[in-house]
Amino acid sequence: MCGIVGAVAERNVVQILLEGLRRLEYRGYDSSGVALIHNESLNVTRRVGKVKELSDAINDVNGVGATGIAHTRWATHGGVTEANAHPHISEDRFAVVHNGIIENHKTLRSDLTSKGYAFNSDTDTETIAHTIAELRKNTDSLLQAVLQAVPTFHGAYGTVIIDKHDPSTMVVARSGSPLVIGLGIGENFIASDQMALLPVTRRFIFLEEGDVAEITRTTVKIIAADGQEAKRDIVESNVEHDAGDKAGYRHYMLKEIYEQPAVIRNTLAGRVSPDGIAEDVFGEGSEAVFAKTEHIKIIACGTSYHSGMTAKYWLEAYAGVSCDVEIASEFRYRKSVVKPNSLLITISQSGETADTLAALKLAKESGYMSSLAICNVDGSSLVRESSLSFMTRAGAEIGVASTKAFTTQLAGFLMLVLAIGKHNKMPEELQKSILQALAELPSKLEETLTLADEIDQLAEEFSDKHHSLFLGRGDQYPIAMEGALKLKEISYIHAEAYASGELKHGPLALIDADMPVIVVAPNNELLEKLKSNVEEVRARGGIMYVFADKDAHFESDETMRVVNVPHCMESIAPIVYTIPLQLLSYYVALIKGTDVDQPRNLAKSVTVE
Ligand code: F6R
């Protein structure tokens, strides 16, 4: 989703801004732009398309300036046009970039129009530029103007404003959309994601909700939501500098699929041993919370929601604790009942998903005993705003389609099962079996990745298909859902997932030879039931692709193609069976020639609702 980079320095910052935008490309965008102040003039360049188009348009005249802001836009208000790309300008003096949505933009627009401001775009962002221009007329500084403007904006924003009459200063404001200040030596920076600034600094200040900050080359002044000046901690980042490197793989997604055995080793390291799970792996005080937990509520979006759904099967079956799972955008807008001693768990790769953050905020006001974030980005809003946290340690995930974040979340949930089960009379034998399964997990994933060539060949058969159905039962049902999500988001083939017991309640009507049916079939207690569902499909002329344990005894024939997945212990089977489904969607997308890492219309981090 939209990305922001800004700098105040003594040197020309254009390359820093463009490199920052390149590093944010993975988040998804459709246009970009940059504004630089040089010799009291404001030079703005905007382009539709990739950052490459923008950098090609930069030259010796418009590409010079020691103060500048830049943006990648993912359209919300107004189509994908150069005029709607940021930065937006007011009075040829103020330039503004903005992530988020100003919900009252229509009212602001009509007020500002009546005051004589002409609008050059259809965006909500342009109202920020003109509001600040108007308020600056009766204030002493840009900071004062922004502080007065902020209460007039309803909605979510992370915004940065520069004024060509004061090139030494950037003013930034955060409400619902993250911003991080990067501290340099004699120069300072701002970005919506620390990834953008890693080539220039590793020292960061994460702004909090409601913060407004004035940033010069040598100073940072933060005014908190209560109007008082505030001090914020400086955090030294340990994010890998070269996370943006494909390491020889054709796509980030493929690299990230292959990284899974290694990152899961990382997720487990120092946290589990053959003797059990270490104390307080889920944060200081987590053991005391788990000892009291009677119910778990999980909230997340997209792929993270699927990991929550899988966890529900595990938490109830293995740890004996009741659990329900809900999509964040639903939870945040309904009235719900909180059961006594409920633990709230949010799951997010980015830790910045607007709906999940809003759901957490609402839940904290509704009487949950404690909140735990399972997250991949340390220092993210979700982690900072939760009482407990567990970092998945998947490393930077660049491909828009989530892969390693999902499987590390699942590994984290198996650890949670052990941590909660300990307080819940979980049989020792079951604990031992999960510990052994976790120890075997990385090598099982390595083995499963050797199926890549077989799956690559199979993908050919999907290239002319428009629809597909994914089936699973029990804890493999959410895996089927995740498989369907992966296929639709990167190959644009319509894919639906069903718990296979539901087939005869409607979806069987869809079955014909043009609708491939993908089945996940480990050798578990539901196998015979699943086999009956497979026969129902076969009897109606369906063509199936079955990912099965060898001992499940499926045989390939003219209606069924069987891929044997390495045998594994039952508790880790959902993680193992995720791999072939990721590979399948990757290879189908390759054949279809889509933009695998940045699929159309999608963004990596969904910071607007
Ligand atoms: C799908 C995908 C999305 C995200 C969702 C939540 O591949 O990546 O469905 O899972 O947008 O994002 P996070 O996990 O960052 O909260």
Side-chain angles (χ1 to χ4, degrees), residues 1-3 24 26-28 74 176-178 192-193 195 251-254 256-257 260 298-311 325-332 345-361 372-386 389-410 412-413 470 478-479 481-492 495 497 578 581-586 589 594-609:
M1 202 143 272
C2 307
L24 297 180
Y26 76 95
R27 297 164 65 97
W74 188 82
S177 201
S192 50
D193 180 333
M195 289 287 285
H251 293 98
Y252 285 111
M253 182 181 178
L254 191 62
E256 287 157 7
I257 289 174
Q260 290 175 106
I298 301 181
I299 295 176
C301 303
T303 289
S304 295
Y305 168 71
H306 296 153
S307 85
M309 285 198 53
T310 316
V325 192
E326 193 163 346
I327 292 169
S329 55
E330 286 299 309
F331 175 81
R332 67 180 287 193
I345 302 183
T346 54
I347 320 164
S348 176
Q349 189 287 126
S350 61
E352 301 296 351
T353 301
D355 283 323
T356 311
L357 283 169
L360 170 64
K361 191 165 173 235
L372 164 66
I374 295 188
C375 189
N376 196 37
V377 180
D378 210 354
S380 60
S381 305
L382 200 70
V383 169
R384 282 181 291 117
E385 285 160 29
S386 301
S389 62
F390 174 88
M391 304 315 303
T392 45
R393 299 187 190 157
E397 190 180 67
I398 306 288
V400 163
S402 189
T403 52
K404 60 179 181 169
F406 178 66
T407 48
T408 51
Q409 286 166 358
L410 291 180
F413 270 120
F470 283 69
I479 302 308
M481 292 172 83
E482 174 58 10
L485 178 62
K486 286 287 92 83
L487 189 70
K488 74 183 104 174
E489 66 186 326
I490 63 168
S491 75
Y492 316 150
T578 297
L581 301 188
Q582 293 171 344
L583 288 167
L584 178 67
S585 48
Y586 175 77
T594 58
D595 190 343
V596 172
D597 284 331
Q598 288 168 30
R600 69 183 180 201
N601 307 338
L602 297 181
K604 181 69 187 161
S605 186
V606 186
T607 50
V608 293
E609 74 168 296

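These figures come from a predicted structure and were not determined experimentally. We count ligands from 1, going down the list as the structure has it; atoms in each ligand are counted the same way.
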**Q.** Intermediate values then yes/no, side chain to side chain contact (heavy atoms under 4.5 Å, CB included), Phe470 and Leu487
**A.** CA-CA 10 Å; Phe470 283 69; Leu487 189 70; 3.9 Å; yes

Q. Where's the contact between Glu352 and ligand 1, heavy-atom distance under 4.0 Å: side chain, backbone, both or neither?
A. neither

Q) Is it true that the side chains of Thr578 and Glu482 contain a donor and an acceptor less than 3.5 Å apart? A) no

Q) Is Glu489 in polar range of ligand 1, meaning some N or O pair under 3.5 Å apart? A) yes

Q | Full working for salt bridge (charged side-chain N to carboxylate O under 4.0 Å, His left out) between Asp595 and Arg600 | A | CA-CA 7 Å; Asp595 190 343; Arg600 69 183 180 201; over 6 Å; no

**Q.** Leu485 side, atom CG; Thr303 side, atom OG1 - distance, nearest 0.5 Å
**A.** 4.5 Å

**Q.** ligand 1 atoms in contact with Ser402 (distance to a heavy atom under 4.0 Å)
**A.** 7 (O), 8 (O)

**Q.** Atom indices of ligand 1, in the order listed, that fall short of 4.0 Å to a heavy atom of Gly302
**A.** 9 (O), 10 (O)

(Q) Suppose we measure from atom 15 (O) of ligand 1 to each protein heavy atom; which comes out shortest, and what is that distance? (A) Ser350 OG, 2.7 Å

Q. Is Lys404 reaching over with its side chain to a backbone N or O of Ile257, donor-acceptor style, under 3.5 angstrom?
A. no

Q.
One pair to check against side chain to side chain donor-acceptor pair (under 3.5 Å): Asn601 and Tyr492. What are the steps and the verdict?
A. CA-CA 11 Å; Asn601 307 338; Tyr492 316 150; over 6 Å; no

(Q) Strictly distance-based, threshold 3.5 Å: is any side-chain N or O of Gln260 a donor or acceptor partner for the main-chain N or O of Thr407? (A) no

**Q.** side-chain hydrogen bond (donor to acceptor under 3.5 Å, both in side chains) partner of Glu352, chosen from Ser177, Ser380, Ser192, Ser381
**A.** Ser381

Q.
Among all the protein's non-hydrogen atoms, which is closest to atom 12 (O) of ligand 1, and how far away is it?
A. Thr353 OG1, 3.5 Å

Q: Give the atoms of ligand 1, by number and element, whose distance to some non-hydrogen atom of Ala401 is under 4.0 Å.
A: 7 (O)

(Q) Return the closest protein heavy atom for atom 6 (C) of ligand 1 as residue, atom name and distance. (A) Cys301 O, 3.4 Å

Q. Ligand 1 versus Thr303, non-hydrogen atoms closer than 4.0 Å: side chain, backbone, both, neither?
A. both

Q) Tell me, which protein residue and heavy-atom name are nearest atom 11 (O) of ligand 1, and how many Å apart are they? A) Val606 CG2, 3.9 Å

Q) Is any N or O atom of Lys486, backbone or side chain, closer than 3.5 Å to an N or O atom of ligand 1? A) yes

Q.
I'd like to know whether ligand 1 has Val400 as a neighbour, heavy-atom separation below 4.0 Å.
A. yes

